Trainee: 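Here's a structure for you.
The shown structure was predicted, so the numbers you read here are calculated from the model rather than taken from an experiment. Chain A is the first sequence line, chain B the second, and so forth, proteins listed ahead of strands; every chain is numbered from 1.
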Protein chains: 2
Amino acid sequence: MKRITIYDVAKEADVSLATVSRVINDSNVVREDTRIRVQQAIEKLGYKPNAIAQGLALSKTTTISIVMSERLISYNAKILNGLMNIASTYHYNIMFHVISKGINEMSDIVESIIKSHVDGVILFNDDFTQDEMEALLVYQIPIVIVGSKIHKTDLPNVANVYVDFEKLAYDLVNSYFDKGITDISLVEDKLNMYMMNRLKQGFEKAYRDKGMEFTNYISFDDSYKNSYIYLSKFFKKNKPSQLIVSFRDSQAVAVMNSLKEAGYSIPEDSELICILNNKYLTMVRPNISAYSLPEYDMGTIAMRLLQKMLMEQNSGKPRFIEQSFSFIPRQTTK
Amino acid sequence: MKRITIYDVAKEADVSLATVSRVINDSNVVREDTRIRVQQAIEKLGYKPNAIAQGLALSKTTTISIVMSERLISYNAKILNGLMNIASTYHYNIMFHVISKGINEMSDIVESIIKSHVDGVILFNDDFTQDEMEALLVYQIPIVIVGSKIHKTDLPNVANVYVDFEKLAYDLVNSYFDKGITDISLVEDKLNMYMMNRLKQGFEKAYRDKGMEFTNYISFDDSYKNSYIYLSKFFKKNKPSQLIVSFRDSQAVAVMNSLKEAGYSIPEDSELICILNNKYLTMVRPNISAYSLPEYDMGTIAMRLLQKMLMEQNSGKPRFIEQSFSFIPRQTTK
DNA sequence: TTGTACGCGTTATCAA
DNA sequence: TTGATAACGCGTACAA
């Protein structure tokens, strides 16, 4: 099937293709009756502008790349929804890239982003190096990094929408210090090293500020099954801390189940907090306390920010938007 | 920054752009020393072909659209991973579209798919009408529908990778009939109407075949909280069936928690099966029995199928690939 | 207000 | 084996 082009419309409406182009792009220098004639021709033929040709002519694709690591898709579904919904209100197309170890590395993705000439990029901060990101900056592609705080803050064309996990951790630990509790454990998460490291920083800083050192890490492989098996043995040997903090749902539940099995009760013997909230935390008994993060909003804000950056082309100034968090006490904390 | 084009490379290597193009596309009619000269120029300048221009010249974008409904992203993460991994081995770019009620309807997405001139489309069967799908077929765009079985089987350029939920349900019910159990309930799922309907068909057929009628539906709004509140009241009034079947994790857990609270024990008083398996089913106590579906594989198969369809252009013949399922007995079934 | 002609960066067809 | 040139479909100065 031959696709209808702007030429076909021009012929049908008996005008030049320039006029058709003007009608499509709402140029106000078209006389009303010819505009109508052209519109009718467009309707009649079912003409749809070819975005590829437009992209070539304008050096602008109205397309945004989103890069996410494979194993975090289900965790980032809400942020993704926020991103996609705003993208669609701006009529951006979305190129979706997943980083997946051994199959699709960040360097491949950078390559395809450059070839595709997308207008901007959303990165979830994980799995990419400073160099890989800067490869994009060479091509002046605006980037918004979403998730946690980035280190380098002086990069032009880079913005950051984040929750300050370091502060969250710091405040959390201090609030327990205030209650006189210093025996706290942190369960390590290998799935999300970047955010995990911020948490660690916060923990260590809080202890350091009190003249102590934090070393109470619990770590193991990242599947639920493995962590459960590990923890079951662990808590049969070791008395649990007064507070145990984990990052994701699976770990929190693994801690809970293995504590119970070892004869400890929550929150009496040991309190439990999971950083990332989700519905599964309320499905287990007792319900697990957590932090509420504005995930959907982070998506919408990130996409709006990118849109702004695309409008005021190369204003270059970096932007940082911190999002707040709030504690949701449930049944695993006193 | 001006992007390097094929002209720049041609000038640098002192050849015509036609020759550069030949080198890029591995044409074998290039003399070895000029090929090397061109390669060096490409390296030196850091030239990357412009995919947009290629798309225009070839009428082929090497891009696939994936369409999914907003609320199913986290449930379909594994299928998505399968799709993305195979896509990246074929070097396809992925345009990602989400249907989200009131924000981005299927008709908008069809529009943008057509404008973008993607080579093929992967649809998750939900949320779109026959008409919307056929709008794509008018443009000869090959489609693979993944998830459950489609009704119309005579459409050219349409393939289907699916699990037969009707058969699954039918077999499930019959296996309980064989044990002499006919008191079975099915929890309705509003999130995934299409698959849910297939399940219903299977239930009703199984009962009909035994000269009975199946009417034992339990239905309510779709959040965990709502279902838990509803079910808690429900099981305080009504004695639960001998077997309760639900589609998703949240409902299964809601049933479990409310049964316990009403003083029933699982599986002694009431057995429980959740159709879609995931890790959360093994985190609660007792572990919930479920069906294992080859989700990741469905993704890889769907993308490979689409690739084949793109190669043998408009062979037109429809293809149907059924995937098997298997029951995973855990602690909620006897 | 409208039309002509060129450019966007490639690929492909012909000649040379 | 190479090079010139016409597509691909659109936007846009510039001219009319």
Trainee: Can you tell me how far C1' of C:dT2 sits from NZ of A:Lys11, to the nearest Å?
Mentor: 19 Å
Trainee: According to side chain to side chain donor-acceptor pair (under 3.5 Å), who are the partners of B:Lys44, at least two apart in sequence or on a separate chain?
Mentor: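 Listed in chain order: B:Glu12.
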Trainee: Could you tell me how far apart A:Glu32 (CD) and C:dT2 (C1') are, to the nearest whole angstrom?
Mentor: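 So the two atoms are 16 Å apart, to the nearest Å.
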Trainee: Does either side chain, that of A:His91 or that of A:Thr62, offer a donor lying less than 3.5 Å from an acceptor on the other one?
Mentor: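 No pair is found: no donor N or O on one side chain lies under 3.5 Å from an acceptor on the other.
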Trainee: By the definition side chain to side chain donor-acceptor pair (under 3.5 Å), identify the one residue from A:Asn125, A:Asn192, A:Asn160, A:Asn197 that meets it with A:Ser148.
Mentor: A:Asn125
Trainee: How is B:Lys60 classified with respect to the nucleic acid when contacts are heavy atoms under 4.0 Å: base, sugar-phosphate, or nothing?
Mentor: nothing
Trainee: Nearest whole angstrom, please: distance from the C1' of C:dT10 to the CD of B:Gln54.
Mentor: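 That distance rounds to 7 Å.
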Trainee: Counting heavy atoms not belonging to A:Asp297, are there more than 12 under 6.0 Å from its CG?
Mentor: yes
Trainee: So that I can tick it off, tell me whether B:Glu111 and B:Lys115 are bridged by a salt bridge, with the cut-off set at under 4.0 angstrom between side-chain N and carboxylate O.
Mentor: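 A salt bridge is present here (some side-chain N lies under 4.0 Å from a carboxylate O).
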Trainee: Measure from NZ on B:Lys48 to P on C:dT10 and round the result to the nearest Å.
Mentor: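 One finds 13 Å between P of C:dT10 and NZ of B:Lys48, rounded.
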Trainee: Taking only heavy atoms on the protein side, list every residue of residues 16-25 of chain A lying under 4.0 Å from any atom of DNA chain C, sorted numerically.
Mentor: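 Hits under 4.0 Å, by residue number: A:Ser16, A:Ala18, A:Thr19, A:Arg22.
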Trainee: Between B:His117 and B:Thr34, which has a closest nucleotide on DNA chain D that is more 5'?
Mentor: B:Thr34
Trainee: Given that A:Tyr7 and A:Asp14 both sit by DNA chain C, which one's nearest nucleotide is further toward the 5' end?
Mentor: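 Its nucleotide being nearer the 5' end, the pick is A:Asp14.
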Trainee: Determine the contact category for B:Ser59: base if any of its heavy atoms lies under 4.0 Å from a base atom, sugar-phosphate if only primed atoms, P, OP1 or OP2 are that close, otherwise nothing.
Mentor: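 Result for B:Ser59 = nothing.
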Trainee: Any side-chain donor paired with an acceptor under 3.5 Å for B:Glu322 and B:Tyr162?
Mentor: yes
Trainee: Report the distance from atom CG of B:Leu56 to atom P of C:dG7, rounded to the nearest whole Å.
Mentor: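 From B:Leu56 CG to C:dG7 P: 16 Å.
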Trainee: In whole Å, I'd like the distance from the CD1 atom of A:Ile52 to the P atom of C:dG9.
Mentor: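 From A:Ile52 CD1 to C:dG9 P: 15 Å.
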Trainee: Does one side chain, of A:Asn85 or B:Glu70, offer a donor that lies under 3.5 Å from an acceptor on the other?
Mentor: yes
Trainee: With heavy atoms of chain B within less than 4.0 Å as the criterion, where does contact along DNA chain D begin and end?
Mentor: D:dT1 to D:dG9
Trainee: Rounded to the nearest 0.5 Å, what separation is found between the CZ atom of B:Arg71 and the CG atom of B:Leu191?
Mentor: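 One gets 5.5 Å once the value is rounded to the nearest 0.5 Å.
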Trainee: State, yes or no, whether a side-chain contact exists between B:Asp108 and B:His97 at a heavy-atom distance under 4.5 Å.
Mentor: no
